[in-house]
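One structure below.
Only heavy atoms go into these numbers, but all of them, side chains included; no hydrogens, no water, no symmetry mates.
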Amino acid sequence: MLTELLKLSLIDTELDKLSLMLTELLKLSLIDTELLKLSLMLTELLKLSLIDTELLKLSLMLTELLKLSLMLTELLRLSLIDTELLRLSLMLTELLKLSLMLTELLK
């Protein structure tokens with residue numbers, strides 16, 4: 001009977017050890033689950049970082065487009081000045097014609 005009790009006590013001790021091991025495994029499993037969550041969060045952050053990088057590229061392209069737009073505006077302004085100079089040149093040509101006519105009349 002004492003031997004049976006000792007055997008049962010040993011089995012109980014082994015079961016306690018196994019229970020402790022199981023508890024440790026569960027703790028490790030929880031830690032692993034948390035690590036997986038963190039890994040997913042990191043993946044999302046990396047995706048956001050890639051999106052941010054693309055947005056920065058687009059922003060740089062937009063800046064270049066704005067520079068080109070400013071250049072185009074300046075070219076249009078110069079074209080207007082050129083048009084005005086041509087108009088003045090035509091007026092001057094007309095004045096010169098009139099001056100020649102006047103000179104001919106005065107002779």
Side-chain angles (χ1 to χ4, degrees):
M1 175 119 169
L2 186 59
T3 306
E4 289 300 317
L5 284 174
L6 284 173
K7 282 181 186 178
L8 288 174
S9 177
L10 281 172
I11 291 171
D12 187 48
T13 302
E14 287 303 313
L15 285 173
D16 285 344
K17 286 181 188 177
L18 288 173
S19 178
L20 284 173
M21 288 170 60
L22 181 60
T23 302
E24 287 303 312
L25 283 173
L26 288 172
K27 285 180 187 176
L28 290 174
S29 176
L30 284 173
I31 290 171
D32 188 48
T33 302
E34 289 303 312
L35 286 173
L36 285 173
K37 286 181 188 176
L38 289 173
S39 177
L40 285 173
M41 287 170 37
L42 180 60
T43 302
E44 288 304 310
L45 283 173
L46 288 172
K47 285 180 188 176
L48 290 173
S49 177
L50 284 174
I51 291 170
D52 188 48
T53 301
E54 289 305 311
L55 286 173
L56 285 173
K57 286 179 186 177
L58 289 173
S59 176
L60 285 173
M61 285 192 262
L62 182 60
T63 302
E64 288 305 310
L65 285 172
L66 288 172
K67 286 180 188 176
L68 291 173
S69 176
L70 284 173
M71 287 180 194
L72 181 59
T73 302
E74 186 61 21
L75 284 173
L76 288 172
R77 189 181 70 78
L78 291 173
S79 175
L80 284 172
I81 290 172
D82 187 48
T83 302
E84 189 61 25
L85 286 173
L86 286 172
R87 191 179 68 77
L88 290 172
S89 175
L90 284 173
M91 288 171 67
L92 182 59
T93 302
E94 289 302 313
L95 284 173
L96 286 172
K97 282 182 189 176
L98 290 173
S99 174
L100 280 172
M101 290 163 99
L102 184 61
T103 302
E104 287 298 317
L105 287 174
L106 291 174
K107 282 186 184 181

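- Taken from CD in Glu104 to NZ in Lys107, the straight-line distance is 4.5 Å, to the nearest 0.5 Å.
- Side chain of Ser39 to backbone of Leu35: no donor-acceptor contact under 3.5 angstrom is found.
- Side-chain contact check for Leu80 versus Glu84: every heavy-atom pair is 4.5 Å or farther apart.
- Under the rule for a side chain to side chain donor-acceptor pair (under 3.5 Å), the partners of Glu74 that lie at least two apart in sequence or sit in another chain are Arg77.
- Atom CG of Leu10 and atom CG of Leu5 lie 11.0 Å apart (nearest 0.5 Å).
- Using a 4.5 Å heavy-atom cutoff, the side chains of Leu15 and Ile11 are in contact.
- A donor-acceptor contact shorter than 3.5 Å links the side chain of Thr83 to the backbone of Ser79.
- Panel note: side chain Thr23, backbone Ser19; a donor-acceptor pair is recorded below 3.5 Å.
- Qualifying side-chain contact (heavy atoms from CB on, under 4.5 Å) partners for Glu34, counting only residues two or more places apart in sequence or in other chains: Lys37.
- Taking CG of Leu92 as the reference point, atom CG of Leu85 lies at 11.5 Å (rounded to 0.5 Å).
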Inset, instruction - Quick one: do Asp16 and Asp12 satisfy side chain to side chain contact (heavy atoms under 4.5 Å, CB included)? Show the steps, please. - result: CA-CA 6 Å; Asp16 285 344; Asp12 187 48; 4.0 Å; yes
